[in-house]
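Below you'll find the structure, written out as structure tokens, and then a few comments.
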Number of protein chains: 2
Amino acid sequence: MVDKEEYRARIIRTASRIFSHYGFRKTTMDEISRALKKGKSSIYYYFPGKEEIFEAVVLYEANQLRRRLTAAIKEVDSPPDKLRNYIYVRMREFAKLSNYYNAVFDKNLDHYEFIEKIRARYDREELAIIRLLVYVGNNRGTFAVEDSEYTAMAIQTMLKGMEVPLFWRRRETDINYRLEAILTLIFNGIMKKQ
Amino acid sequence: MVDKEEYRARIIRTASRIFSHYGFRKTTMDEISRALKKGKSSIYYYFPGKEEIFEAVVLYEANQLRRRLTAAIKEVDSPPDKLRNYIYVRMREFAKLSNYYNAVFDKNLDHYEFIEKIRARYDREELAIIRLLVYVGNNRGTFAVEDSEYTAMAIQTMLKGMEVPLFWRRRETDINYRLEAILTLIFNGIMKKQ
DNA sequence: GAATATCCGACCCGTTTGTTCCATCACGTT
DNA sequence: AACGTGATGGAACAAACGGGTCGGATATTC
């Protein structure tokens with residue numbers, strides 16, 4: 001049925017909201033079903049169990065993240081703006097994902113390899129994006145780097161480095177300050193001295 | 001002992017953080033004790049039970065709210081600025097309290113009357129503050145209203161009206177727009193036409 | 001009206017959780 | 001050393017919870 005897939009999607013969206021707030025363990029099936037205004041057992045018609053819903057949610061969020069990031073790049077034109085936009089959106093969206101990290105590190109380590117697989121794939125894609133941005137900026141004469149590949153890897157490393165304090169719930173201002181610092185560092189180190 | 005009260009305060013601060021994130025029901029004693037790096041049963045040396053901790057937390061938050069609001073008023077001088085500041089801070093702080101509302105409306109209606117008592121007291125105090133602000137602004141010639149008392153009540157009603165959609169998780173921009181709308185409405189209706 | 005898709009109330013049962021009990025520790029006083 | 005006292009936490013427990021199952025009800029389609 002066409003409706004069945006549509007309803008699965010609706011479950012995913014709803015569950016995503018609740019999971020992101022309470023984490024995997026603290027979110028109950030009853031809660032999800034109540035949010036959907038359906039009986040608890042009805043959900044089992046669409047999903048085998050709680051874990052499968054969670055995996056579908058993570059997959060859904062990953063796709064959404066990808067979409068937002070590509071949109072952020074297309075939004076502006078110049079390479080520095082693209083990079084800046086990308087980093088900002090990445091940070092903002094990752095902050096929302098902190099709950100998933102909490103959920104994962106909660107206690108149930110069962111999903112760990114599943115998460116890791118998604119993460120690895122995302123890392124590969126991100127590196128390609130950054131590399132392209134650097135490469136294009138280089139060609140246009142805005143950037144001036146020797147090796148796009150390794151420069152991209154360096155940038156990605158910095159971004160990853162920002163995730164840890166992000167998840168450790170620093171103050172908003174602290175986050176922004178760090179973000180600006182990273183940005184100016186990246187740009188000052190990358191921009192062609194005119 | 002002096003330390004005992006101090007430790008009670010520490011428990012309250014820690015529990016406040018966890019309650020505000022997960023709500024009353026989903027916060028466990030074990031979690032609180034782990035955050036305090038103490039044994040679960042040790043907490044019962046300071047509080048009779050979970051509910052009492054929650055009540056102490058709500059009381060603590062209420063006092064903090066009061067302090068922040070009075071500070072917001074003292075921060076600026078002119079009556080319109082005071083009112084604007086008050087409303088902004090009130091909205092921001094109330095948004096943080098939404099978790100308490102969730103906790104209360106969760107299922108356990110036991111605390112309801114306790115919350116209501118605190119709320120009633122806060123309402124009275126707020127009305128007095130607004131009334132004073134209006135009154136002073138009136139005297140200074142910045143405002144021009146007939147009856148400070150009823151004007152204050154009208155303003156308070158508007159503020160209360162904003163709580164509902166606020167807790168219904170609208171978009172940030174929507175909130176700000178509504179807030180600005182309320183502010184301009186209040187000011188345009190209250191400011192002395194020069 | 002049979003067949004099928006969708007939904008749900010009631011139940012099962014292992015786990016969680018708030019709370020109690022009691023042994024222990026730290027430590028100042030006698 | 002012995003003792004009292006403030007403070008701690010491990011163990012145990014009763015009650016509630018929560019994921020999942022099942023049989024049947026209800027809706028939809030043919």
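Predicted model only: the values in this text are computed from it and were never measured. Letters A, B, ... are given to chains in the order of the sequence lines, protein chains preceding strands, and every chain is numbered from 1.
Put simply, CD on A:Glu51 is 11 Å from P on D:dG19, counting in whole angstrom units. The CD1-P distance, from B:Ile11 to D:dT8, rounds to 9 Å in whole Å. We find that NZ of A:Lys26 is positioned 20 Å from P of D:dA16, with the value rounded to whole Å. The OH atom of A:Tyr7 sits 18 Å away from the P atom of C:dA5 (whole-angstrom rounding). As a whole-Å value, the separation of B:Met29 CE from C:dT20 P is 11 Å. Between B:Lys50 atom NZ and C:dT16 atom P there is a gap of 15 Å when expressed in whole angstrom units. Taking atom CZ on B:Phe24 and atom P on D:dC17, their separation rounds to 12 Å, with Å as the unit. Across the protein-nucleic acid pair, B:Asp30 atom CG and D:dG9 atom C1' stand 12 Å apart, rounded to whole Å.
Here B:Tyr45 does not reach the OP1 or OP2 of D:dT8: none of its side-chain N or O atoms lies under 4.0 Å away. Taking side-chain N and O atoms only, B:Tyr44 has a distance below 4.0 Å to OP1 or OP2 of C:dT19. Listed pair B:Ser42 / D:dG9 meets the phosphate criterion, a side-chain N or O lying under 4.0 Å from OP1 or OP2.
Using a cut-off of 4.0 Å between Lys/Arg side-chain N and Asp/Glu carboxylate O, B:Glu6 and B:Arg10 are scored as not salt-bridged. Looking at A:Arg34 and A:Glu31, no side-chain N of the basic residue comes within less than 4.0 Å of a carboxylate O on the acidic one, giving no salt bridge. In this structure, A:Glu126 does not pair ionically with A:Lys160, as no charged nitrogen and carboxylate oxygen lie closer than 4.0 Å.
Judged by atom type and distance alone, A:Ser41 does not reach the base of D:dG20 through any side-chain donor-acceptor pair under 3.5 Å.
Looking at heavy-atom distances under 4.0 Å, A:Phe47 makes no contact with the nucleic acid at all. No contact: A:Ser33 has no heavy atom under 4.0 Å from any strand. Within the nucleic acid shown, A:Lys40 comes within 4.0 Å of at least one base atom, counting heavy atoms only.
The residue among A:Glu52 and B:Lys37 whose nearest nucleotide of DNA chain D lies closer to the 5′ end is B:Lys37.
Residue A:Tyr46 places its side chain closer to C:dT6 than to any other of C:dC8, C:dT6, D:dG18.
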**Item:** Derivation and outcome, side-chain hydrogen bond (donor to acceptor under 3.5 Å, both in side chains), residues A:Tyr7 and A:Lys38
**Value:** CA-CA 12 Å; A:Tyr7 204 83; A:Lys38 286 282 157 63; 2.6 Å; yes

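By the 30° and 60° cut-offs, the orientation of the rings of A:Phe19 relative to A:Phe54 is perpendicular.
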